[in-house]
Trainee: 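Handing you this structure, nothing more for now.
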Amino acid sequence: MLFPDLRQLRFAFLILLSVGLSVPLHAQQEEGGDIALAREYVRKGENEKAVFLFGRLRVDEQMAPNVLPDYVSALQALKRHKDAEKLMKKAVRQQPKEVSYSVLLGGIYTASGDEAAANKQYEKVISQLTSEQVVPVATEFMKRKLSEWAEKTYLRGRQLAGNETEFAPSSFSCTPRAGKMPP
């Protein structure tokens, strides 16, 4: 007889249960470790290693807002612009409300030397804006040092609001004037 007593059966069941629960926990910790390690590799400029680790993640983890920019950055550093473009297009399709992804896609076009595609992408972003997205999109353009596109975003926001003074202080901060105030 394999388990002569009920206590032994319970003990064996508890051991199997604890082993079964620890494996997924270990896998989750390993995935979180992969993300942290991949980010460290990006920071150190070891982009090949970072891309390898990011590529091992599940798709939903790759598309996470706290992971995707680092993954794209590593791909671009390796001049793998087509891979970065493909990844961003997928992210834009999966999360259309995440407007920073659309701006990042335009940045990929710029980095690959396709200014026409970048301008088309930025125009698309601005034309599809909602009033709630004006400030986040303009902020994303400013992060990328694209002040002219940030200003266009604020002007589109004025149109959406139907108010010519809406976003006025924000749009003044977009224009590089070397500290000069408008007359």
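The figures here come from the full heavy-atom set of this structure, side chains too, leaving out hydrogens, waters and symmetry mates.
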Trainee: Looking only at heavy atoms, which two atoms of Tyr154 and Ala138 are closest? And how far apart?
Mentor: CZ-CB, 3.3 Å
Trainee: Quick test of your reading: applying side-chain hydrogen bond (donor to acceptor under 3.5 Å, both in side chains), list the pairs with at least one residue in residues 62-87, sequence neighbours left out, ordered by first then second residue.
Mentor: Arg39-Asp70, Arg80-Asp83, Glu85-Lys89
Trainee: Would you name the heavy atoms of Ala74 and Val42 that are closest together and state the gap between them?
Mentor: CB-CG2, 3.9 Å
Trainee: If you define the side chain from C-beta out and look only at heavy atoms, does anything of Leu68 sit under 4.5 Å from Met88?
Mentor: yes
Trainee: Who pairs with Lys44 by side-chain contact (heavy atoms from CB on, under 4.5 Å), at least two apart in sequence or on another chain?
Mentor: Glu40, Glu46
Trainee: Using a strict threshold of under 4.0 Å (side-chain N to carboxylate O), is an ion pair present between Arg58 and Glu61?
Mentor: yes
Trainee: Identify the two heavy atoms, one from Gln94 and one from Val59, that lie closest to each other, and give their separation to 0.1 Å.
Mentor: NE2-CG1, 4.0 Å
Trainee: At what distance, to the nearest 0.5 angstrom, does CD of Glu48 lie from CG of Leu53?
Mentor: 11.0 Å
Trainee: Considering residues at least two apart in sequence or located in another chain, which fulfil the ring pair (Phe, Tyr, Trp, His ring centres under 6.0 Å) criterion with Tyr122?
Mentor: Phe141, Trp149
Trainee: According to side chain to side chain donor-acceptor pair (under 3.5 Å), who are the partners of Glu115, at least two apart in sequence or on a separate chain?
Mentor: none
Trainee: Quick one: OG on Ser131 to CZ on Arg158, what's the gap to the nearest 0.5 Å?
Mentor: 15.0 Å
Trainee: To the nearest 0.5 Å, what is the distance between CG (Leu87) and NZ (Lys90)?
Mentor: 7.5 Å
Trainee: Taking the side chain as every heavy atom from C-beta outward, state whether Arg144 and Thr110 have any atom pair closer than 4.5 Å.
Mentor: no
Trainee: Not counting sequence neighbours, which residues clear side chain to side chain donor-acceptor pair (under 3.5 Å) with Thr130? List them please.
Mentor: Glu132, Gln133
Trainee: Quick one: does Met142's side chain get under 4.5 Å of Thr139's, heavy atoms only?
Mentor: no
Trainee: Give me the atom names and distance for the closest heavy-atom approach of Ala84 to Val72.
Mentor: CB-CG1, 4.2 Å
Trainee: Quick check: closest heavy atoms across Val134 and Thr153, and the distance to 0.1 Å?
Mentor: O-CG2, 3.4 Å
Trainee: Under 4.5 Å between any side-chain heavy atoms of Pro65 and Tyr101, yes or no?
Mentor: yes
Trainee: Considering non-hydrogen atoms only, spot the tightest contact between Gln121 and Ser102 and give its length.
Mentor: NE2-O, 3.2 Å
Trainee: Which residues pass the side chain to side chain donor-acceptor pair (under 3.5 Å) test with Ser100, sequence neighbours left out?
Mentor: Glu98
Trainee: Quick check for you: to the nearest 0.5 Å, what is the distance between Leu104 atom CG and Tyr109 atom OH?
Mentor: 11.0 Å
